[in-house]
Amino acid sequence: MGLLVTSSLVQATEITVSAAASLTNAFKEIAQNYQAQYPGAKVALNFGASGALLQQIAKGAPVDVFASADQETMDTAEKQGIVAAADRRDFVKNTLVLIAPADSKFSFRQLSDLNQAEVKRIAVGNPASVPVGRYTQHALEAAKLWTALEGKIISTQNVRQSLDYVARGEVDSGFVYATDAAIMKDKVKVVFEVPLSQLITYPIAKIRASTNSEEAKRFIAYVLLPQSQAILSKYGFQKP
């Protein structure tokens with residue numbers, strides 16, 4: 001009987017963190033450090049396109065913390081009552097870049113160069129659910145290129161899929177975050193940073209329906225600490 005009581009006392013408090021795909025590497029490391037510092041805690045990580053993650057949460061997926069790659073998705077979460085405005089924190093920012101396979105012979109100097117007849121396939125996250133896709137669409141629309149390039153666009157489910165397509169040479173170019181390009185320097189090359197009219201900032205928030213509210217708050221506070229920010233910086237994220 002004593003053994004049963006003891007095991008229940010040390011049972012881990014598990015939280016589920018749904019985070020944008022671009023945060024995969026950094027959050028895996030942060031979660032590992034968090035669990036090392038708080039042995040009684042367990043962090044289950046769920047990565048994907050921010051919009052798709054929000055849809056899962058809205059349908060009742062048991063999530064405690066949500067980290068989005070854009071403000072728009074978190075705004076939607078707030079409007080739907082999934083997160084509270086007071087619980088939101090911006091914790092990093094990123095930049096949008098155009099990449100090509102490392103051995104690409106194409107010469108890209110500006111967005112209009114994607115109009116070259118030789119460029120057949122461009123990986124772009126689906127703007128309906130993938131923030132990097134929305135940022136890309138805004139940039140191409142501002143350059144009056146979105147309609148002209150639509151026939152070349154290969155829609156992807158998240159930024160890491162765009163990265164993989166370029167790395168494998170399945171497309172001629174793709175739009176990803178600078179942080180994604182940095183993890184595959186041997187397979188892709190950054191052609192240039194894409195100018196945007198808005199900053200790419202990432203918000204993080206506790207889910208209102210979380211059954212582990214205090215643990216969720218503690219994890220978010222941990223993400224904001226200097227040691228976690230140093231990990232994010234190592235992967236190329238910048239301070240907001």
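Note that the structure is predicted; figures quoted are calculated from it, not measured. Numbers for residues simply follow the sequence, beginning at 1.
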Full working for side chain to side chain contact (heavy atoms under 4.5 Å, CB included) between Thr179 and Asn25: CA-CA 10 Å; Thr179 52; Asn25 301 66; over 6 Å; no
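- Between Lys93 and Lys239, the closest heavy-atom pair is CE-O, 3.2 Å.
- Sorted by first and then second residue, the side-chain hydrogen bond (donor to acceptor under 3.5 Å, both in side chains) pairs with a member in residues 47-61 read Asn46-Gln56; sequence neighbours excluded.
- For the residue pair Asn212 / Arg218, no side-chain donor-acceptor distance below 3.5 Å is found, with atom types taken as modelled.
- Summarising the geometry, atom CD1 belonging to Ile122 is positioned 13.0 Å from atom OG belonging to Ser155; distances are rounded to the nearest 0.5 Å.
- Residues satisfying the ring-ring contact (aromatic ring centres under 6.0 Å, His included) test with Phe237, not counting sequence neighbours, are Tyr202.
- With values rounded to the nearest 0.5 angstrom, Arg109 atom CZ is found 13.5 Å from Leu98 atom CG.
- Checked by atom type and distance alone, the side chain of Asp64 pairs as donor or acceptor with a backbone atom of Thr16 at under 3.5 Å.
- The side-chain heavy atoms of Lys120 and Asp172, taken from C-beta on, include a pair separated by under 4.5 Å.
- Heavy atoms of other residues, nucleotides or ligands lying less than 6.0 angstrom from CD of Gln157 number 12 at most.
- Aromatic pair Phe108/Phe192: ring centres not closer than 6.0 Å.
- Residue Val188 is grouped with residue Val124 when hydrophobic side chains (ILVMFWY) are merged at heavy-atom distances under 4.5 angstrom, including chains of intermediate members.
- With 3.5 Å as the limit, one finds no donor-acceptor pair spanning the side chains of Ser112 and Asn115.
- In this structure, Tyr135 is a member of the same hydrophobic cluster as Ile99, with clusters built from ILVMFWY side-chain heavy atoms closer than 4.5 Å.
- In terms of hydrophobic clustering, with Ile, Leu, Val, Met, Phe, Trp and Tyr side chains grouped at heavy-atom distances under 4.5 Å, Val92 and Val132 are assigned to a common cluster.
- Under a cut-off of 6.0 angstrom, the local environment of NZ in Lys189 is crowded, with over 12 non-hydrogen atoms contributed by other residues, nucleotides or ligands.
- Judged purely by atom type and a 3.5 angstrom limit, Glu14 has no side-chain atom pairing as donor or acceptor with the backbone of Val43.
- Interatomic distance, Asn158 CG to Leu163 CG, rounded to the nearest 0.5 Å: 10.0 Å.
- Note that OG of Ser228 is 9.5 Å distant from CD of Glu29, once rounded to the nearest 0.5 Å.
- Between the side chains of Arg160 and Ser162, not a single donor N or O lies within less than 3.5 Å of an accepting N or O.
- Side chains of Thr13 and Lys42: a donor-acceptor N/O pair is absent below 3.5 angstrom, by distance only.
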I would like to know whether Gln238 and Ser233 meet side-chain hydrogen bond (donor to acceptor under 3.5 Å, both in side chains); could you show each step before the answer? CA-CA 6 Å; Gln238 302 155 26; Ser233 177; over 6 Å; no
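- The shortest heavy-atom contact between Tyr235 and Ile183 is CD2-CG2, 4.4 Å.
- In summary, the side chains of Thr73 and Arg134 do present a donor paired with an acceptor at a separation below 3.5 Å, with no hydrogens or angles considered.
- Rounded to the nearest 0.5 Å, atoms CG (Leu54) and OG1 (Thr76) are 6.5 Å apart.
- With values rounded to the nearest 0.5 angstrom, Asp87 atom CG is found 14.0 Å from Phe66 atom CZ.
- Judged purely by distance below 3.5 Å, without hydrogens or angles, the side chains of Glu141 and Gln137 pair a donor atom with an acceptor atom.
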Under the side chain to side chain contact (heavy atoms under 4.5 Å, CB included) criterion, do Leu53 and Phe47 qualify, and how do the steps go? CA-CA 8 Å; Leu53 294 174; Phe47 298 106; over 6 Å; no
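- For the pair Arg88 (side chain) and Pro203 (backbone), a donor-acceptor distance under 3.5 Å is absent.
- Within a 6.0 Å radius of NZ in Lys152, more than 12 heavy atoms belonging to other residues, nucleotides or ligands are found.
- Atom CD of Gln32 is surrounded by 12 or fewer heavy atoms from other residues, nucleotides or ligands within 6.0 Å.
- At least one donor-acceptor pair closer than 3.5 Å links the side chain of Asp113 to the backbone N or O of Gln110.
- Judged by distance alone, the side chains of Ser22 and Asp180 never bring a donor and an acceptor atom under 3.5 Å apart.
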